[in-house]
Amino acid sequence: MIGRDLASGKYPSVVTRFPPEPNGYLHLGHTFASFLDFQTALQYGGRYHLRLDDTNPEGERVEYAQAILDDLAWLGWRWDEQTLFYASDNFGTYYDYAVKLIELGKAYVDSVSGDEMARLRGSATQAGRPSPYRERSVAQNLELLARMRAGEFPDGAHVLRAKIDLSSANMKLRDPVLYRIRRAHHYRQGDTWCIYPLYDFQHPLQDALEGVTHSMCSLEFIDNRAIYDWLMETLAFSPRPHQYEFGRRSLEYTIVSKRKLRRLVEEGHVAGWDDPRMPTLRAVRRLGVTPEAILKFAASIGVSRTNRTVDLAVYENAVRDDLSPRSPRVMAVTDPVEVILRGPDGAGLTPQTLTLPYWPHDLVQASPDGLMALPSGVRVSAELAGRPVTLSGRLYIEREDVALNPPKGFRRLTLGGAVRLRGAGVIRADEIEVDEAGDGRVVRVLATLLADPETGRSAPGEQLRAAGVIHWVDAGTALSAEFRLYDRLFSVPNPDGAQPDELPVDDGEAGPEGTGQTVSSDFLRFLNPHSLTVTQGYVEASVAHDPPDTRYQFERQGYFWRDPVDSRPEALIFNRIITLRDAWGKAPRAEAVRLRSKDQTKSRKPDAPTFSPEQTAEVARLRALGVTEADAAVLARDRVLLDFFRSGFPGDSVGSHAGQIAAWTVGDLAPALRSGDSKVRSSDLGALASLQSAGQISNRMAREVLAEAVVSGEAPADIVERRGLKMLSDTGALDSLIGRVLAANPDKLAAYRAGKLGLMGFFTGQVMQLSQGQADPQAVATLLRAKLDNPVE
RNA sequence: UGGGGCAUCGUCCAAUGGCAGGACGCCAGUCUCUGACACUGUCAAUCUAGGUUCGAAUCCUAGUGCCCCAACCA
């Protein structure tokens, strides 16, 4: 679409803009919109603007504006004085245009109350009525507007409205309000203004002022486009921007409603706007997600004109994909159980230091230069990319890695069973101590190291194979740490949905209506009680020397980093950014999900269309002419089509090709006829039909010609003549074409003979293309089938 | 109800009237000192009913479903 505009030379280059209002923090939903705006500009070698649409003083704050800039910069977007705009900086300019609009007689000051205006606006089925003030003189309007600006009137006493169309079916066009009086402190302009422009006036204007070419917004603004276009035309901007709409994208298990997010914060369901469970950019940032992951996610969702909810898995995939290659692997135990370890010879174990690699084999192999990064960022040869880890007679392993009564398929530590300690040899559990008095939890494991990792010396007679591999940390050297295990905030995919009792609510505390109404609490019922689990455990000592913003993969657990706010060198706190995929943990609950009946949509016969007596008679007349039942029914009910059709058939005289002409009228020509864009004369259709029935042109050609005629007005038969269209039905020529096609696609031929009959269409298409649309499709089909089914060697 | 928008695998996106394809997920398998990663394979869709056409996801008609508008918010 944009490519077309550029190609047509409509604009020299693309300019887009992302226009957030600084009345809250940016969230994942904004990310998609900003990505679309910015990335589009980049892709077409254009320019993007960041604009703060701060035209409503209520609720807008500097800190929000700063946070927006900050978050966007974090994502990697850049701007300068030329490409950063504040709408409020142009209040003066907007005002001048308002004056101009009045002078053009296209705007007026209205002085009825809000309620009265709503009443006068009418309803969907009822046209609006003019306000008694609609016909004020230009001079009067000008004076009133000036006095509004000067602060002579109280809030709400007057508004400036555009004079468009009070009876428009589009409610937006019923004289929209352009300016209102509102005494509120503007975070940027202070108290300079007491009148503020509204979106429908300000936004198009600002787009034009900035030289924006493609103004993209979400679908709900589609009705506003009419105002947009009206303004651009009335004010005669050229070249002018155009508005395009796209469907919103929401994410499963999250909400983005500002009001609801505020409730979460204010009622303490989360710790703040940057609580890592929130969908705000600040929150995902604190969680530890990288900007690259967010961008990758935004890029992976498609754009369309439908509002959609994206599978959480897509987001998670983007995050993991981004983290994996950048996160060194280390070990941490989040829920520790002590293990006392004996050496292979049964004696105590003397502490030893192992060197364990930061990176798994596949990542090392994927390295183009064979070098791997240390957490510090320094790249060294793969063998050196490791860290020292102590192994001694006392260590910690994960509680869920030990079981006295293991479930089926358990590949971890059981009594008498053996597992491999990651990077440190195989151990066997000789004894598992449980808390008999308490809840029966495992408190300690006595185990034997079956083979010394350094000497390779194994215990005599031991041939136990390890059931699996588990992670561990050395008790003597590990650092204690707090782990914040985050999970999705809501337990259902669509916490916003299924809330029939929700009332429309005003966003601002000081709103004129809606005050006193509260946000439905339903979404709170879906809060996931396990969205945050805090545990005390241990992390291997090596992390102490790493940069604080290092993202790690704690092996077998997930990706973590230090909480940027609360973590201290002497009191480490790690956030779990995301878990690893877990086929084992997921298995039990997987089956509970999938099962949805396919045919909920009962196919119901549409009601038969009803006809008036006249229409019934018309159908009969048309049928007599040779028009099919279906076409006759459509024609009889559609005045425009019927008139067109009839004009080619004076009286009821039977035209020889009535059936065909009716078919074209109802099928190919209908949309153009209805919109009045067709230049075809129905009297010309007969000649075309003759050509077709005579076999000179195919139906396909006829319709092509028709499409051209709609635009040009040239008689269809003349087009056929001029372009020399003639159906090619000579068997010899067709045979040779078919031969060429088959020879060029031996693989398809084989596939067809192997049973992929759908390829018939492919072959036909190829032949048609080769013949430039001139081949007789029926003849081709016959010949092709013969050739395909009876291979001649 | 008046106007507007939309409808393709479970999810998201493709397909000048001519092979319904990709990604994520799922399932199965291979590999594995991470139940990860990687790799292989399978399953899986054109809202419904008619019509036009040699051929329809695409064009036509009727219907169904979902969303938006009827703010002095954006």
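Just so it is clear, the structure is predicted and the values come from calculations on it, not from any experiment. A note on names: the letters A, B, ... follow the listed sequences, proteins ahead of strands, and every chain is numbered from 1.
Heavy atoms of A:D638 sit nowhere under 4.0 angstrom from any nucleic acid atom. Here A:R121 lies in heavy-atom contact (under 4.0 Å) with sugar-phosphate atoms only. Residue A:T628 is out of contact with every strand shown, counting any heavy-atom pair closer than 4.0 Å. At a threshold of 4.0 angstrom between heavy atoms, the contacts of A:R700 include nucleobase atoms, whether or not backbone atoms are also involved. Heavy atoms of A:E555 sit under 4.0 angstrom from at least one base atom. Using a 4.0 Å heavy-atom cutoff across all strands shown, A:G409 reaches at least one base atom of the nucleic acid. Contact annotation for A:E245: no contact, since no heavy-atom pair falls under 4.0 Å across all strands. Within 4.0 Å of A:D668, counting heavy atoms only, lies no atom of the nucleic acid at all. Using a 4.0 Å heavy-atom distance criterion, A:R320 is classed as making no nucleic acid contact. A:R308 comes within contact range of the sugar-phosphate backbone alone, with a heavy-atom separation under 4.0 Å but no base atom that close. Within 4.0 Å of A:V634, counting heavy atoms only, lie sugar-phosphate atoms of the nucleic acid but no base atom. At a threshold of 4.0 angstrom between heavy atoms, the contacts of A:Y752 with the nucleic acid are absent. Nucleic acid contact for A:V780: none, since no nucleic acid atom lies under 4.0 Å from a heavy atom of the residue. Here A:R674 lies in heavy-atom contact (under 4.0 Å) with sugar-phosphate atoms only.
At B:C6, one or more side-chain N or O atoms of A:R305 fall inside 4.0 Å of OP1 or OP2 (strictly under the cut-off). A sub-4.0 Å separation between OP1 or OP2 of B:C37 and a side-chain N or O of A:R581 is present. Between A:T306 and the phosphate of B:C67, there is no side-chain N or O to OP1/OP2 separation shorter than 4.0 Å. The phosphate of B:C13 (OP1 or OP2) has a side-chain N or O of A:S304 nearer than 4.0 angstrom.
Atoms CD1 (A:I227) and C1' (B:A71) sit 12 Å apart, rounded to a whole Å. Put simply, CD on A:E116 is 15 Å from C1' on B:C72, counting in whole angstrom units. If you measure from atom CG of A:D401 to atom C1' of B:A36, you get 14 Å, rounded to the nearest angstrom. If you take CH2 of A:W664 and C1' of B:U53, they are 13 Å apart, rounded to a whole angstrom. Going from atom NZ of A:K748 over to atom P of B:G18 covers 14 Å, rounded to whole Å. The separation between A:W472 atom CH2 and B:C33 atom C1' is 13 Å, rounded to whole Å. Rounded to a whole Å, the CZ atom of A:R411 is 12 Å from the C1' atom of B:C31. Atom CD of A:Q365 is separated from atom P of B:A38 by 14 Å (rounded to the nearest Å).
The pair A:R161-A:D110 counts as a salt bridge, with a side-chain nitrogen and a carboxylate oxygen less than 4.0 angstrom apart. Classification of A:R248 and A:E220 as a salt-bridged pair holds, one side-chain N sitting under 4.0 Å from a carboxylate O. A salt bridge links A:D322 and A:R326; the closest N-O separation between the charged side-chain nitrogens and carboxylate oxygens is under 4.0 Å.
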Close N/O contacts between protein and nucleotides 1-4 of chain B (under 3.5 Å):
from : atom 1 : to     : atom 2 : distance (Å)
B:G3 : N2     : A:D223 : OD2    : 3.0

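Taking the ring pair (Phe, Tyr, Trp, His ring centres under 6.0 Å) definition, one finds that A:W359 meets it with nothing, sequence neighbours left out. A search for side-chain hydrogen bond (donor to acceptor under 3.5 Å, both in side chains) contacts involving A:S367 returns A:D369, not counting sequence neighbours. Qualifying side-chain hydrogen bond (donor to acceptor under 3.5 Å, both in side chains) partners for A:T306, counting only residues two or more places apart in sequence or in other chains: none. Partners of A:D165 according to the side chain to side chain contact (heavy atoms under 4.5 Å, CB included) rule, which considers only residues two or more places apart in sequence or in another chain, are A:S167, A:S168. Residues passing the side-chain hydrogen bond (donor to acceptor under 3.5 Å, both in side chains) test with A:R308: none are found, sequence neighbours excluded. Residues satisfying the side chain to side chain contact (heavy atoms under 4.5 Å, CB included) test with A:R420, not counting sequence neighbours, are A:V426, A:A466, A:V469. Annotation: side-chain hydrogen bond (donor to acceptor under 3.5 Å, both in side chains) contacts of A:E21 (sequence neighbours excluded): A:N23. Applying the salt bridge (Lys or Arg N to Asp or Glu O under 4.0 Å) test to A:R700 and every residue at least two apart in sequence or in another chain returns nothing.
A:E398 contributes no side-chain N or O that, together with a main-chain N or O of A:V333, makes up a donor-acceptor pair within less than 3.5 Å. Using a distance-only test at 3.5 Å, with no hydrogens or angles considered, a donor-acceptor pair links the side chain of A:H186 to the main chain of A:D54. Within the 3.5 Å criterion, the main-chain N or O of A:M768 finds no donor-acceptor partner in the side chain of A:Q772.
In this model, a side-chain donor or acceptor of A:Q553 finds a partner on the base of B:U34 within 3.5 Å. The base of B:G35 is paired with the side chain of A:R412 by a donor and an acceptor separated by under 3.5 Å.
When distances run from any side-chain atom of A:N699 to the nucleotides B:A36, B:U53, B:C12, the shortest one goes to B:U53. The side chain of A:A630 approaches B:G51 more closely than any other nucleotide in the set B:G51, B:C68, B:G17. Distance from the side chain of A:R422 is smallest to B:C33 among B:C54, B:C33, B:C72. Residue A:V469 has its side chain nearest to B:U34 when only B:C67, B:U34, B:C12 are considered. Of all nucleotides listed (B:G17, B:G5, B:G35), B:G5 comes nearest to the side chain of A:L219.
The stretch residues 303-327 of chain A participates, sequence neighbours left out, in these ring pair (Phe, Tyr, Trp, His ring centres under 6.0 Å) pairs: A:F297-A:Y315.
Nucleotides B:U11 and B:A44 place their C1' atoms 12 Å apart, quoted to the nearest Å. When the P atom is compared between B:G25 and B:A20, the two are found 26 Å apart, to the nearest whole Å. Separation of the P atoms belonging to B:G5 and B:C39 is 43 Å when rounded to the nearest angstrom.
Take the nearest nucleotide of RNA chain B for A:P20 and for A:Y559: the residue whose nucleotide is more 5' is A:Y559. The 5' end of RNA chain B is approached more closely, in terms of each residue's nearest nucleotide, by A:A663 than by the other of A:V666 and A:A663.
A stacking contact between A:Y199 and B:A74 is absent: the pair does not combine a ring-centre distance of less than 5.5 Å to the base's six-membered ring with planes differing by less than 30°.
Relative to the ring axis of A:F762, A:K748 places its NZ or CZ within 45° and under 6.0 Å from the centre.
RNA chain B is contacted by A:G758, A:L759, A:G761, A:F762, A:T764, A:G765, A:M768, A:Q769 of residues 758-769 of chain A, taking any non-hydrogen atom closer than 4.0 Å.
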Requested in this report: Taking Watson-Crick and G-U wobble pairs with both distances under 3.5 Å, convert RNA chain B into its dot-bracket string, 5' to 3', dots for unpaired and | for cross-strand pairs.
Outcome: .((((((..((((....[..))))..((((.......)))).....(((((..]....))))))))))).....

